[in-house]
Amino acid sequence: GNVNSILGQANTINGNVKGIGNTVGEINGTVRSINDTAKSINNDARSILGTFQKLQPTVVSINDGVAGIDRRADVVIGLSQGIKSDTGNILIEVRRIEANAKAICNSTAVSGGC
């Protein structure tokens with residue numbers, strides 16, 4: 001009786017071990033699939049990095065170009081402020097000339113006015 005009981009328990013344990021083995025096999029398959037996906041993602045990431053590295057000189061060139069444009073714009077702004085100041089002074093002088101011209105036209109020294 002004891003041998004048969006032990007044999008029955010051994011068979012049960014063996015069945016459990018086979019079941020665990022099957023589950024481990026399934027888990028291993030899942031892990032392999034995850035690993036393959038990770039490798040694929042890694043390859044995509046390398047490709048994206050390569051593209052960014054190729055673009056970097058162009059981005060640097062654009063950045064340098066924009067910086068140059070910004071510097072030239074600062075110069076133009078400075079010049080335009082000077083021009084604005086000059087035109088303001090010219091306008092003041094034109095108004096003085098106009099006032100003097102009206103004064104001359106309205107003076108008694110000019111016969112008949114302007």
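Only heavy atoms go into these numbers, but all of them, side chains included; no hydrogens, no water, no symmetry mates. Just so we're clear, the structure is a prediction, and the values are computed from it rather than from any experiment.
Between the NZ atom of Lys18 and the CG atom of Asn11 there is a distance of 8.5 Å, given to the nearest 0.5 Å. Considering CD1 of Ile92 and CD1 of Ile97, their distance stands at 12.0 Å, rounded to 0.5 Å. For the atom pair Leu91 CG and Glu98 CD, the distance stands at 9.5 Å (nearest 0.5 Å). Separating the CG atom in Asn14 from the CG atom in Leu7 is a distance of 10.5 Å, to the nearest 0.5 Å. Between the CD1 atom in Ile69 and the CG atom in Asp74 there is a gap of 12.0 Å [rounded to 0.5 Å].
A donor-acceptor distance shorter than 3.5 angstrom exists from the side chain of Asn106 to the backbone of Lys102, with no hydrogens or angles considered. With hydrogens and angles disregarded, no donor-acceptor distance shorter than 3.5 Å links the side chain of Ser85 to the backbone of Gln81. Remark: side-chain polar atoms of Ser47 are not paired, donor with acceptor, to backbone N or O of Asn43 under 3.5 angstrom. In this structure, the side chain of Ser61 does not engage the main chain of Pro57 through any donor-acceptor pair within 3.5 Å. No donor-acceptor pair under 3.5 Å is formed between the side chain of Ser33 and the backbone N or O of Gly29. Proximity of a side-chain donor or acceptor of Ser40 to a complementary backbone N or O of Asp36 within less than 3.5 Å is not detected.
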Let me see the working for Asn28 and Arg32 under side chain to side chain contact (heavy atoms under 4.5 Å, CB included), right down to the final yes or no.
CA-CA 6 Å; Asn28 188 44; Arg32 284 186 181 160; 3.4 Å; yes

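Ion pair Arg96/Glu93 flagged as a salt bridge, since at least one NZ, NE, NH1 or NH2 atom sits closer than 4.0 Å to an Asp/Glu carboxylate oxygen.
Looking at Asn42, Ile41, Asn35 one by one, the single match for side-chain contact (heavy atoms from CB on, under 4.5 Å) with Lys39 turns out to be Asn35.
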